[in-house]
Each structure stands twice: as structure tokens, then as C-alpha cells.
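What follows is one structure encoded as C-alpha cells, with my remarks underneath.
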Amino acid sequence: MSDQASEINDVSPSALKHIIGQVGVIAQVTVALEAAFADAKKLDDCLLVGGPGLGKTQVAKVIAAELASECHEVLSQAIQSSADLNAVLLAAKEKDVVFLDEAHELPKEQQTALYLALDQKKITLAGSGRIPTSIPIANFTLLLATTDEFSLLQPLRDRMKLVLRFQFYTVEELTILVRQRSQALRWQVDEEVFPQIAQRSRGTPRLGLRLLQSCRRVCRSEGETTITQEHLERACLLEGIDSLGLGPVEQQYLMILAERDTRLNVIASRLGLPARTVSQVTEPFLLRFGLICKDDQGRRQLTALGRSHLSNCRPIEG
């Protein structure tokens, strides 16, 4: 085992052709790269939109690799002042890639400064005696990744020439993805484990790869070298994950609705979570998968599918 990587992120795709899923995104990027190479110019600025864990960061890094360019990756929460933004923009060289992750967290003032810098190809500093000083910036490619595109100022969104929309993965795509990663890591895994991990991944590669890592942790804790169905079941038991990948909070949410139709604030109170967290983190998958719905008054309801799933996983009292 000494020659094997032990962490799931020890390997990752380095070319577009190695990326599983996101067919539409890959097609857009491929065409844009070919056009940029043909015209000997930088790649157009891109807005990468989609839920967390769908591969936006991975694609940004692969784009930089395809361009053979340096990638300046910055978490937008780290940019809180003009000085912070200027440091990022001035560090980039010609045809580099500047990747701002969680772009919706960029303060509005810095969003404005960013699109002005893109337009003018320069930044303006307050010099000595308060005389403004202009400094040119390189002709780099800007990649903005966000889970909430409408929190970005429209003028900034409008300046992104490509909008790459990331979709949730199918079970089939996730099965291929976790198999590919385990092979790259040279981990031995029983074939039956891959689709079961995919089924519990909620359409999200990050969750599937995390569960694969958990399975290996259980496997190695028992002194084994091959990940089996038993290791998967124990990993799910340890983490409280059911057959659809729902964790304890989602399961408790469904159990609350099994009692009666309920409003968001009541559910949040019983879960001990802020209502915004429940609506933005807990509910999206439950709604997307059809386990819950909302009535005209905004009350949450358990669907037939949700009731069936809950009865198969946990007994409903009463």
C-alpha cells in the first residue's frame, strides 16, 4: 500500500478530456479554447455557475492547464479592500488565469472596481498629494465561480463573455467518476460499490468522492486492502447516511413533515438551525429529488416519494 495515494484529492483531472460529466460546459470551453488558440489571443472571461461540489474549481484549474498558464486562485472572501483586489490584479501576467471562487462574496464596491478595471485595463491608485495614479494590468482571463449568480452586480455579469452552467450529475456519470478516481489512486474496490456510492452522492461529485474516502478509511482501519459492500455500509452507518445520501438533518426534516405539513420557521426551530440555512442548504436536494413540496401558503409537505423513502429507512411513528 505504500505506493498508493491515501487522499482522494491526491489525483485530479489535468485535461478536459479526462473530466467526467458536464458535457455542455466542456463543449463550450473546448470551442472557446480552440478559438483563442486560432486567434492567438487570451481566453474570453467566464462565469462558472452551479451548486457547490459540481466541479467549478476543477474546471477552472484544467482551463489554466490547457492554456499552459499560471492560475491565480483566490477565495473572494479574502478580498475586502481595494488594496486586496489590486494585489490580485497586478500579480497576473499576460494571458494568465485569475480565478475568483465564491465570487458572490466579493463586496459590491470591489465588484464595481473589478469591472471598471476590466473595461479600462488598468487600476487607479490614490497617489501622493491625492493625485490619482493609473497602473496598467495584464490582459489576463478572469474566471468567476459562484453558486448565486444574481448576487453579482449585473454590469460584472454582463462582462463575462462565457457563462458555464454546471448541472447535477446522473448516477451513471457519478459511477464512472468514482471508478475513475479509485483507479487513478490504485485503490482496490469491488465493482458493486461504485453505483451504490453514486446513488448516495446526491448528484454531486464532491459528496461521492468524500464517501469513497470514508469507505477507504473504514477498509484500512480493518487492515483490509479491498473496499467492499460491508465497508460502504459501515461508512454510511458511521456518518448517518441513508440510501439516498441523506444525512441526519435531512432525515430529521422528513420525520418532522411526516407528522403534518409545517412552515419553514417551525421546521428550523425544531432542527435548531436558522431558517435561511434550512431553506438554502437542507431543502434544495429534498425539493429537487421530489421528497418534499410546498403548498400555496408556503407550508412544506412530504410527497408520496418522501413518505415511501422515510418508511423504508426509518419507521414513522403514529
Side-chain angles (χ1 to χ4, degrees), residues 20-24 49-55 147-148 165-179 192-212 214-215 229 232-318:
I20 303 299
Q22 304 302 343
V23 176
V49 180
L54 295 181
T147 58
D148 184 6
R165 298 193 180 279
F166 287 69
Q167 305 297 322
F168 287 98
Y169 282 60
T170 65
V171 171
E172 292 74 19
E173 289 172 335
L174 285 167
T175 299
I176 296 170
L177 187 147
V178 292
R179 182 189 294 115
E192 65 180 3
V193 172
F194 295 125
Q196 294 191 44
I197 289 178
Q199 183 66 47
R200 292 166 169 82
S201 299
R202 299 161 59 163
T204 306
R206 181 184 298 164
L207 297 181
L209 294 174
R210 188 173 72 187
L211 182 54
L212 176 62
S214 297
C215 292
Q229 170 74 22
L232 171 61
E233 290 176 356
R234 187 175 177 208
C236 290
L237 181 63
L238 288 171
E239 299 192 15
I241 297 174
D242 68 16
S243 61
L244 286 182
L246 303 184
V249 173
E250 290 89 358
Q251 293 168 32
Q252 187 180 354
Y253 182 110
L254 295 183
M255 293 177 71
I256 292 171
L257 286 193
E259 300 171 6
R260 65 181 65 85
D261 299 350
T262 311
R263 294 189 180 278
L264 173 61
N265 61 339
V266 175
I267 298 172
S269 178
R270 292 187 61 179
L271 291 174
L273 296 170
R276 182 176 179 181
T277 299
V278 175
S279 66
Q280 295 186 359
V281 178
T282 307
E283 289 186 338
F285 174 76
L286 301 178
L287 288 164
R288 178 166 58 86
F289 206 74
L291 298 174
I292 66 170
C293 61
K294 303 177 186 178
D295 66 14
D296 294 339
Q297 285 73 45
R299 288 174 301 191
R300 275 56 174 174
Q301 300 175 322
L302 197 62
T303 65
L305 182 61
R307 195 170 295 277
S308 173
H309 173 70
L310 190 56
S311 64
N312 290 333
C313 294
R314 291 173 178 265
I316 302 175
E317 298 180 2

Can you give each donor-acceptor pair under 3.5 Å made by side-chain atoms of residues 278-289, sequence neighbours left out, with the distance rounded to 0.1 Å?
{"residue": "Ser279", "atom": "OG", "partner": "Ala275", "partner atom": "O", "Å": "3.3"}
{"residue": "Ser279", "atom": "OG", "partner": "Arg276", "partner atom": "O", "Å": "3.1"}
{"residue": "Gln280", "atom": "OE1", "partner": "Arg276", "partner atom": "NE", "Å": "3.4"}
{"residue": "Glu283", "atom": "OE1", "partner": "Arg300", "partner atom": "NH2", "Å": "3.1"}
{"residue": "Glu283", "atom": "OE2", "partner": "Tyr253", "partner atom": "OH", "Å": "2.6"}
{"residue": "Glu283", "atom": "OE2", "partner": "Arg300", "partner atom": "NE", "Å": "2.8"}
{"residue": "Arg288", "atom": "NH2", "partner": "Arg202", "partner atom": "O", "Å": "3.0"}

| Would a 4.5 Å heavy-atom cut-off, applied to side chains only, mark Arg234 and Leu238 as touching? | yes
| field | N/O donor-acceptor pair under 3.5 Å between Gln252 side chain and Val249 backbone | value | no
| query | Counting only N and O atoms by type, is there a donor-acceptor contact under 3.5 Å from the side chain of Glu250 to the main-chain atoms of Gly247? | reply | yes
| remark: Output for pair (Phe168 CZ, Gln22 CD), nearest 0.5 Å, gives 10.0 Å
| Are Leu212 and Val193 close enough that some pair of their side-chain heavy atoms sits under 4.5 Å apart? | no
| query | Is any side-chain heavy atom of Asn312 less than 4.5 Å from a side-chain heavy atom of Ser243? | reply | no
| field | Side chains of Thr204 and Leu54 in contact at under 4.5 Å (non-hydrogen atoms) | value | yes
| query | Is the side chain of Thr175 donor-acceptor paired with the backbone N or O of Val171 at a distance under 3.5 Å, no angle test? | reply | yes
| said: Do Leu257 and Ile267 have side chains that approach each other closer than 4.5 Å (heavy atoms only, starting at C-beta)? | reply: yes
| task | Please tell me if the side chains of Arg307 and Leu291 come closer than 4.5 Å, counting only heavy atoms from C-beta onward. | result | no
| Is there side-chain contact between Leu207 and Leu174, with heavy atoms separated by less than 4.5 Å? | no
| field | Side-chain heavy-atom pair Thr277, Leu271 within 4.5 angstrom cut-off | value | no
| query | Is there a donor-acceptor pair closer than 3.5 Å between any side-chain N or O of Ser201 and the backbone N or O of Ile197? | reply | yes
| Just checking, is any N or O donor in the side chain of Glu233 or Gln229 under 3.5 Å from an acceptor N or O on the other one? | yes
| salt bridge (Lys or Arg N to Asp or Glu O under 4.0 Å) partners for Asp295, two or more places apart | Arg299
